[in-house]
Amino acid sequence: MDARLLSHVISNRHFCFLILVSFFLLNCLEEFSCEAQIIPEDEVQALKQISIKLNVVYWKNVNQKSCRSGELNLNTDKFGSNEGNIEVVCDCSYNSSTICHITNIQLKRLQLTGELPDDFANLPFLRELDLNVNYLSGSIPKAWKVLPLVNLSLLANNINGLIPKEIADIVTLEYLVLTDNQLEGPLPPELGKLTKLKTLAISGNNFTGALPATFANLKNMVDFRIAGTSISGNIPDFFGNWTQLNELDIRGTSMEGTIPSTIFHLKNLTKLRVSDLKGPDMPFPNFQDMNRMSQLELRNCLIKGSIPSNIGEMMPRLVRLDLSFNRLTGDIHNLQEIPNLKYLYLTNNQLTGQIPLWITNAKQNFDLSYNNFIGPSQSGCQDSNLNKISSYPSDEDRSIAWCLKKDLPCSTTSKYSSFFINCGGSEMAIGDEKYDADVSPMGPSSFYSYNDKWACSTTGDFIVPLLKGKPNYLAQASPNLTVTDLYRTARISPLSLKYYGICLRPGNYKVKLHFAEIMFPIDKIASGIGTRIFDVSIQGKRYLKDFNIEEEAKGVGKSIIKEYDVDVTSSSTLEIHLYWAGKGTIFIPSDFAYGPLISAIAVTPNFVPDTGHISVGVIAGIVAASFVLIILIMSILWKKGYLGKEDLEDKELRELLQTSYFSLREVKAATKNFDRANKIGEGGFGPVYKGLRPDGSLIAVKQLSAMSKQGNREFVNEIGIISALQHPNLVKLFGCCVEGNQLLVIYEYMENNSLARALYGHADQRLNLDWPTRFRICMDIAKGLVYLHEESRLKIVHRDIKATNVLLDKDFTARISDFGMARLDEEEKTHISTRVVGTL
Ligand SMILES: *[C@@H]1O[C@H](CO)[C@@H](O)[C@H](O)[C@H]1NC(C)=O
Ligand SMILES: *[C@@H]1O[C@H](CO)[C@@H](O)[C@H](O)[C@H]1NC(C)=O
Ligand SMILES: *[C@@H]1O[C@H](CO)[C@@H](O)[C@H](O)[C@H]1NC(C)=O
Ligand SMILES: *[C@@H]1O[C@H](CO)[C@@H](O)[C@H](O)[C@H]1NC(C)=O
Ligand SMILES: *[C@@H]1O[C@H](CO)[C@@H](O)[C@H](O)[C@H]1NC(C)=O
Ligand SMILES: *[C@@H]1O[C@H](CO)[C@@H](O)[C@H](O)[C@H]1NC(C)=O
């Protein structure tokens with residue numbers, strides 16, 4: 001055949017083939033009985049069931065012909081953007097290309113709800129199942145054990161329960177990702193059978209118990225992550241036998257002991273993350289063999305010793321080095337340059353010497369704060385991305401004052417006695433308090449100061465973002481979330497966030513920390529998804545460990561205020577530290593959202609500030625008003641013979657004067673102008689209202705019968721006596737207000753109203769108190785009375801104990817209230833009138 005003929009035949013053949021294919025296709029489209037390639041009916045039914053159970057609304061019309069092209073024909077119009085991702089793949093090469101089987105299913109970021117269905121088990125050729133980032137709940141179905149899965153990924157859902165041991169029957173598994181769910185309990189030792197496993201990522205769950213010894217068999221492991229779980233026991237030696245290991249993340253677990261040195265001989269390791277080990281101390285590891293390491297985090301691991309100057313030579317590919325919160329010592333001025341380093345965290349060690357020039361000049365995110373370096377300081381304390389707060393001993397040159405240890409600068413004298421910060425938000429007036437704006441973007445190594453009043457420092461970058469985007473250290477509530485203004489914004493940090501009050505007068509302060517979870521999804525179906533856990537310390541003392549805002553505030557968008565009394569010494573500095581110890585979820589809501597979050601800070605003195613320096617009219621007015629009030633109380637108390645005797649000691653006198661003053665405007669705003677709807681009770685001498693303060697806290701306001709003689713006496717009694725007493729079973733006084741003809745006493749709000757209402761109220765108000773609770777209430781009242789009669793320095797007889805005067809808080813702790821009738825018990829008096837003087 002010559003060439004022309006050949007080409008003619010070929011093109012003719014080609015033509016024939018096309019005709020044939022077209023005919024075949026048309027035929028198939030017309031009829032159901034397309035013999036050529038079908039999905040077995042079982043699998044079609046399984047897909048339909050799954051679509052119903054998971055609410056996959058855009059995936060309804062699955063039929064046997066859909067798989068002809070090798071991919072199911074899905075209506076994915078809704079997902080033109082990168083919002084979600086549906087992919088269902090079938091393989092049509094079975095039975096001489098006559099049968100298609102579903103082999104891969106990916107349903108990612110689709111807000112799918114419902115429990116994980118067993119029905120996937122009816123897809124017997126399924127090799128990949130990826131349901132990442134949805135709201136799926138329930139436990140992992142045991143029925144799945146029959147599947148030939150290679151990849152199973154359920155990252156960032158709401159799946160609970162134990163890992164069923166049946167999962168270990170899926171011997172084909174190479175990639176098992178269960179990160180960021182609500183799984184718990186011990187890991188089944190059977191998982192040690194999965195010898196093909198290359199990735200086991202189960203961080204962000206609450207697994208307990210030790211790692212099973214059978215895991216020593218998982219010698220093909222490449223990527224192993226158990227961060228933020230409660231897994232305990234020693235860090236196992238068998239990690240050292242996992243020679244293929246590239247990545248190991250064991251941050252924030254409950255494991256103990258030191259890191260086995262064999263881990264540092266794993267030549268393939270590129271990412272090693274360990275944090276918050278309980279001890280004992282460990283020497284600085286030998287990184288000689290780890291020349292592939294790019295991200296090394298050994299944070300808060302009690303590492304002692306000094307950093308070898310050739311660490312960059314040992315690990316030339318280092319991009320991120322985090323050795324913060326250890327006990328490193330030694331001079332670093334000889335530290336050789338690490339060429340690719342972008343993030344360096346050496347904060348909170350005891351490193352000394354001069355800071356090398358390559359660090360100062362690098363303009364990278366290097367945090368050297370809290371060390372003992374010596375001068376000369378080449379630049380300020382925060383120079384581009386170099387944070388050097390508190391990194392020089394205090395005897396250094398004052399020109400670098402911000403870098404000085406424990407002695408943040410005061411340009412003049414200690415002049416402030418309060419400060420208010422709207423973290424992550426703009427300036428905001430709440431009542432008479434002005435919350436300062438805090439909108440500096442900050443970053444992995446940043447410092448910012450608001451005049452010489454307060455300052456903020458952040459350390460750490462958000463690693464492993466799931467979606468691309470710019471990490472933000474400021475959080476903003478979605479417009480859908482109903483939260484009061486103060487909580488609309490917040491500041492977050494992926495590692496460590498510090499706020500400082502500066503130039504504060506020495507004394508005891510009340511620190512109020514305002515929190516509300518505003519980053520997690522708010523839909524009802526998504527409730528419980530995501531866990532944020534962090535620690536809070538003030539002045540170096542830890543007050544909150546494993547703090548979970550959502551849990552404590554009982555929901556997303558709900559606020560919670562934590563209050564502490566702390567001392568500020570002559571250093572004039574107050575330090576509030578929020579720290580992420582590696583716990584909680586990271587990929588929810590698939591963005592940069594983990595680590596400590598705080599909405600606002602309010603710091604007020606627990607002493608009467610010296611008014612001399614304050615010139616602002618409003619403040620002076622308030623102070624003057626309270627002063628007049630105090631004089632009034634004092635003179636009346638004195639007239640009545642309560643004072644002038646020997647018993648009142650200095651301390652009590654001080655406490656007596658501590659009551660804070662509320663303006664009438666503030667009280668009216670809180671109670672919606674004494675709205676009837678807010679009335680929660682009627683005391684002997686006037687109504688009691690519930691009030692909501694702009695910061696979200698609740699108060700109870702007692703309105704004493706305006707300016708009656710009785711009212712006056714009650715008021716003075718009440719303020720005078722309660723403000724001097726503090727006991728868990730006495731109601732807490734927040735303050736008072738005298739304006740116009742109003743006499744108001746402001747208490748803490750008691751969620752469960754009075755004992756009278758709980759026992760004898762209207763049927764709908766009555767509470768079903770069980771006997772243990774009733775007993776506890778009796779004990780509480782008794783404790784309160786013992787305190788009044790015997791333990792407090794002012795001996796007091798209440799004279800009006802009755803069920804209406806016993807209030808119950810949310811935990812049913814009883815507190816005695818209403819001291820209008822109370823009398824001081826003078827010691828020499830042996831006879832006390834037992835006449836009931838109150839109203840019954
Ligand atoms: C496909 O082939 C397998 C084994 O070769 C056989 O068991 C199965 O029944 C066949 N399926 C159909 C639908 O013919
Ligand atoms: C499993 O996941 C890996 C990584 O995402 C991918 O490369 C591989 O192709 C997947 N295997 C199967 C069988 O889907
Ligand atoms: C984890 O589980 C333990 C034991 O079941 C429990 O005490 C702890 O509160 C749980 N932690 C979280 C964060 O759920
Ligand atoms: C590590 O492997 C070696 C050699 O195979 C073996 O002798 C040793 O027991 C293993 N160590 C652990 C902790 O499994
Ligand atoms: C580990 O290192 C060896 C030798 O360089 C290499 O051949 C192998 O592919 C690496 N394994 C992994 C899982 O990266
Ligand atoms: C807010 O509500 C609207 C309408 O109800 C909804 O379409 C949107 O997805 C919601 N946004 C968020 C962030 O929940």
Side-chain angles (χ1 to χ4, degrees), residues 410 413-421 430-435 453-454 499-514 536-544 561-577 600-614 616 618-620 622-627 629-631 633-634 648-663 666 693 695 697 699 718-728 730-737 745-749 787 792-794 815:
C410 264
T413 48
S414 304
K415 53 188 170 180
Y416 299 114
S417 53
S418 66
F419 64 95
F420 304 90
I421 309 171
I430 291 189
D432 294 318
E433 291 152 0
K434 182 175 87 58
Y435 283 75
K453 196 168 190 186
W454 56 265
Y499 277 96
Y500 314 89
I502 321 158
C503 286
L504 289 168
R505 290 202 190 95
N508 189 263
Y509 286 81
K510 180 160 298 301
V511 176
K512 278 192 185 183
L513 306 178
H514 296 253
V536 178
S537 306
I538 305 174
Q539 300 296 57
K541 178 177 171 215
R542 189 164 67 199
Y543 285 90
L544 292 171
I561 303 169
K562 290 284 177 182
E563 269 186 52
Y564 305 99
D565 291 329
V566 298
D567 287 321
V568 170
T569 62
S570 57
S571 73
S572 303
T573 309
L574 174 72
E575 183 197 278
I576 301 165
H577 185 198
I601 296 173
V603 174
T604 49
N606 279 333
F607 53 90
V608 179
D610 171 7
T611 58
H613 302 278
I614 302 174
V616 184
V618 185
I619 300 173
I622 291 168
V623 170
S626 2
F627 195 59
L629 180 79
I630 287 156
I631 298 280
I633 294 167
M634 295 291 289
L648 276 176
E649 288 198 340
D650 251 356
K651 183 159 162 282
E652 278 151 359
L653 207 57
R654 264 209 321 274
E655 278 169 359
L656 195 63
L657 307 182
Q658 247 176 48
T659 308
S660 64
Y661 190 76
F662 284 66
S663 74
E666 215 178 325
R693 303 195 68 195
D695 66 7
S697 62
I699 51 173
E718 187 102 43
I719 303 279
I721 291 178
I722 309 201
S723 68
L725 301 175
Q726 276 200 6
H727 186 267
L730 300 184
V731 75
K732 214 189 281 166
L733 182 74
F734 282 171
C736 59
C737 167
V745 191
I746 292 105
Y747 301 102
E748 71 181 315
Y749 176 71
Y787 174 78
S792 79
R793 292 202 53 92
L794 291 163
R815 302 195 195 197

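Not a single ring pair (Phe, Tyr, Trp, His ring centres under 6.0 Å) links Tyr749 to another residue, sequence neighbours left out. Listed by chain and residue number, Ser571 satisfy the side-chain hydrogen bond (donor to acceptor under 3.5 Å, both in side chains) test with Thr569 (two or more places apart in sequence, or in another chain). Residues passing the side-chain hydrogen bond (donor to acceptor under 3.5 Å, both in side chains) test with Asn508, sequence neighbours excluded: Asp567, Asn606. For Lys562, the salt bridge (Lys or Arg N to Asp or Glu O under 4.0 Å) test picks out Glu552, with sequence neighbours left out. Taking the side-chain hydrogen bond (donor to acceptor under 3.5 Å, both in side chains) definition, one finds that Glu575 meets it with Tyr370, sequence neighbours left out. The ring pair (Phe, Tyr, Trp, His ring centres under 6.0 Å) search around Tyr499 returns none, not counting sequence neighbours. With sequence neighbours excluded, no residue forms a side-chain hydrogen bond (donor to acceptor under 3.5 Å, both in side chains) with Glu433.
One N or O on the side chain of Gln539 and one on the backbone of Thr573 form a donor-acceptor pair closer than 3.5 Å.
If you take CZ on Phe419 and CD1 on Ile601, they are separated by 6.0 Å, rounding to the nearest 0.5 Å. How far CD1 of Ile538 is from CG of Leu513: 5.0 Å, rounded to the nearest 0.5 Å. A distance of 7.5 Å separates CD of Glu666 from CD1 of Ile699, quoted to the nearest 0.5 Å. Rounded to the nearest 0.5 angstrom, Trp454 CH2 and Ile502 CD1 are separated by 9.0 Å.
Using the six-membered ring where Trp is involved, Tyr543 and Tyr564 have ring planes that are tilted, between 30° and 60° apart.
Smallest separation of non-hydrogen atoms from Lys512 and His514: O-CD2, 3.7 Å. Here the shortest heavy-atom pairing between Tyr435 and Ile421 reads CD2-O, 3.5 Å. Scanning all heavy atoms of the two residues, the minimum distance from Gly507 to Phe607 falls at CA-CE2, 3.9 Å.
Taking 4.5 Å as the limit, some side-chain heavy atom of Thr604 sits within range of a side-chain heavy atom of Phe420. Counting only heavy atoms from C-beta outward, the side chains of Leu730 and Arg815 never approach each other to under 4.5 Å. A heavy-atom distance below 4.5 Å is not found between the side chains of Tyr509 and Ser418. Within the 4.5 Å cutoff, the side chain of Arg505 has no heavy atoms near those of the Val568 side chain.
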